[in-house]
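Below, all heavy atoms of this structure are taken into account, side chains as well, without hydrogens, waters or symmetry copies. No experiment lies behind these values; they were computed from the predicted model shown.
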Amino acid sequence: MSEPADQRACSREEAGQCLGPSFDTLHAAHIAAIRAVRPIERILVWGRDPAKTARFAAEHGAEATRTPAEATRQAAVVVTLTPSTDPYLGLRDVRPGTLVAAVGSDAPAKRELHDDLLAAATLITDVTHQCAAVGELHHRPKTPVKAELGEIVLGTKTGREHADDLVVFDSTGTAVQDVAAAQALYTAAMKNGAGHPLPLWE
């Protein structure tokens, strides 16, 4: 998962509030990842089911909101992680300086961001050609891409340059990150004698 890297590279260092739309184990993992690299003081969550949203908020020390905009207009870091096919987040819904990590769009029909938000933002991708096929970039293909996240992490390109830059990170997921995470977990498990070996074939 690239969230810790994109938070360090693209969000403001003093970012203290975040919104994570919707809710399940994956959403909880994103909250934990952001807390690991930014001093988040307040978490606002929104989901289409108010009862589930309230339960998730209570379990994770967050505040439930009635609409996405109610939360995003207060947040320095926004994580969109829904299966939406209709954009619900626009330029008027975010403040200058916000990082929007658009994670939900990972298929051609999925879309969370309106055109005006992409047009106004500095766009960072995880893998540009993949984002052009299935990410937010797919719906506005002429949007200029400033850099891929890996280039920013390596220092070959810059991401955020000013505190009031609006940054969108188009994250569609990359297999190499999954493999790297699995390798790290395997190595740690072997070192600590954790887990149980399972035969993959006879």
Side-chain angles (χ1 to χ4, degrees), residues 1-21 30-31 33-46 65 67-82 84 87-106 110-132 134-174 177:
M1 185 165 63
S2 59
E3 262 47 52
D6 81 70
Q7 298 302 326
R8 282 193 297 266
C10 303
S11 68
R12 302 195 315 269
E13 290 189 6
E14 73 278 12
Q17 302 179 76
C18 75
L19 162 75
H30 278 73
I31 290 173
I34 295 169
R35 279 179 163 157
V37 296
R38 287 290 179 258
I40 299 300
E41 298 169 356
R42 222 178 143 208
I43 299 170
L44 310 170
V45 295
W46 166 81
T65 66
T67 67
E70 183 182 341
T72 57
R73 288 172 185 163
Q74 304 178 63
V77 176
V78 175
V79 180
T80 63
L81 186 47
T82 72
S84 180
Y88 59 86
L89 195 66
L91 181 59
R92 68 179 183 177
D93 300 321
V94 296
R95 304 180 304 180
T98 299
L99 164 65
V100 179
V103 184
S105 181
D106 58 4
K110 291 184 179 180
R111 189 178 188 191
E112 299 181 295
L113 310 184
H114 283 288
D115 281 351
D116 63 348
L117 178 51
L118 278 175
T122 296
L123 180 62
I124 308 298
T125 63
D126 53 2
V127 180
T128 299
H129 70 84
Q130 186 168 285
C131 292
V134 298
E136 294 294 336
L137 184 58
H138 173 73
H139 301 284
R140 196 173 188 274
K142 293 186 178 179
T143 305
V145 175
K146 183 169 187 185
E148 290 190 350
L149 180 60
E151 295 172 317
I152 297 172
V153 172
L154 290 173
T156 59
K157 290 189 178 179
T158 59
R160 175 182 298 279
E161 295 185 359
H162 307 286
D164 61 353
D165 286 349
L166 174 59
V167 177
V168 167
F169 174 55
D170 193 357
S171 175
T172 53
T174 61
Q177 291 174 349

From [X] [atom1] over to [Y] [atom2], what is the distance, rounded to the nearest 0.5 angstrom?
| X | Y | atom1 | atom2 | value |
| --- | --- | --- | --- | --- |
| L137 | K142 | CG | NZ | 12.5 Å |
| L149 | L154 | CG | CG | 9.5 Å |
| L118 | T143 | CG | OG1 | 5.0 Å |
| R73 | T65 | CZ | OG1 | 11.0 Å |

State, yes or no, whether a side-chain contact exists between [X] and [Y] at a heavy-atom distance under 4.5 Å.
| X | Y | result |
| --- | --- | --- |
| Q74 | R95 | no |
| I152 | K146 | no |
| L91 | L166 | yes |
| F169 | D126 | yes |
| K110 | V134 | no |

Can [X] and [Y] be counted as having a side-chain donor-acceptor contact under 3.5 angstrom?
| X | Y | value |
| --- | --- | --- |
| T156 | E151 | no |
| T174 | Q130 | no |
| T80 | E112 | yes |

Measure across [X] and [Y] and return the closest heavy-atom pair with its distance rounded to 0.1 Å.
| X | Y | value |
| --- | --- | --- |
| L117 | L89 | CD2-O, 3.8 Å |
| S105 | G135 | OG-C, 3.3 Å |
| C131 | T125 | SG-CB, 3.7 Å |

Which of these, T72, L44, V168, D93, sits in a side chain to side chain contact (heavy atoms under 4.5 Å, CB included) with V78?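 Among T72, L44, V168, D93, the one that satisfies the side chain to side chain contact (heavy atoms under 4.5 Å, CB included) with V78 is T72.
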Run through L99, L123, V77 and flag the one making a side chain to side chain contact (heavy atoms under 4.5 Å, CB included) with V167.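 Passing option: L99.
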Would you say [X]'s side chain and [Y]'s backbone share a donor-acceptor pair under 3.5 angstrom?
| X | Y | result |
| --- | --- | --- |
| R111 | L113 | yes |
| R160 | G97 | yes |
| D170 | E136 | yes |

